[in-house]
Amino acid sequence: KTRIYSLSTGPTLPEWLGERARRNLSKRDSAVRRRIELLQDFSMPCASSKLRQSHDGRCILASGTYHPRIRLYELEELGMKFETHLDSEVVDMTFLGSDWGKVAMLLDNRTVQFRAPYGLHTTMRIPTFGR
């Protein structure tokens with residue numbers, strides 16, 4: 001038995017509807033509550049090694065392998081905010097603030113990169129490989 005899902009059918013909410021009105025509607029209507037919303041371009045060309053959600057829950061940061069890159073997805077807009085390529089693969093990463101603005105990444109070439117909304121802030125080389 002094979003299940004087939006149709007992602008284009010079902011209730012859709014208008015774009016102009018505010019967040020509070022969406023929450024109220026989902027409390028009253030079970031069909032709206034069960035709907036599926038998909039993130040656009042939520043994939044990597046080869047593989048993804050790490051996923052982190054921001055502390056405020058609005059963004060997901062994903063790191064990919066070959067060619068090393070990071071992508072930031074906004075959950076409210078259901079799409080990719082930015083993508084940037086790196087020199088080396090990400091071993092670990094974390095958000096330094098409550099939003100997506102400040103990120104620290106440990107790379108497998110013994111460097112720690114600090115990124116800000118304007119791009120690369122600084123790179124620091126460490127004496128041993130990180131875990």
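Along the sequence shown, residues carry numbers from 1.
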Handout entry: Non-hydrogen atoms of L51 and A62 that approach each other most closely
Key = CD2-CB, 3.3 Å
Exercise for the section: Can you establish whether the number of heavy atoms outside R110 located under 6.0 Å from its atom CZ is more than 12? Expected result: yes
Completion exercise
Between Q113 and the options L106, T123, V103, the side-chain contact (heavy atoms from CB on, under 4.5 Å) test singles out T123
Handout entry: Under 3.5 Å: donor-acceptor pair, side chain of R71, backbone of I60
Key = no
Handout entry: Hydrophobic cluster identity match, L61 and F114, side-chain contacts under 4.5 Å
Key = no
Practice task
Tell me whether L96 is reachable from L86 by hopping between hydrophobic residues (I, L, V, M, F, W, Y) whose side-chain heavy atoms are closer than 4.5 Å.
Solution key: no
Problem - Connected via hydrophobic side-chain network under 4.5 Å: M80 and W100 - result: no
Handout entry: Where G101 and P117 come nearest, the two heavy atoms and their spacing
Key = O-CD, 3.0 Å
Problem - R58 (side chain) donor-acceptor with D56 (main chain) under 3.5 angstrom - result: no
Problem - Aromatic plane relationship, H55 with F95 - under 30° parallel, 30 to 60° tilted, over 60° perpendicular - result: perpendicular
Exercise for the section: Determine whether L107 and V112 fall in the same hydrophobic cluster, where Ile, Leu, Val, Met, Phe, Trp and Tyr are linked whenever their side-chain heavy atoms lie under 4.5 Å apart. Expected result: no
Practice task
Assess whether atom OH of Y118 is packed by more than 12 heavy atoms of other residues, nucleotides or ligands within 6.0 Å.
Solution key: yes
Problem - Any side-chain heavy-atom pair of T94 and R52 under 4.5 Å - result: no
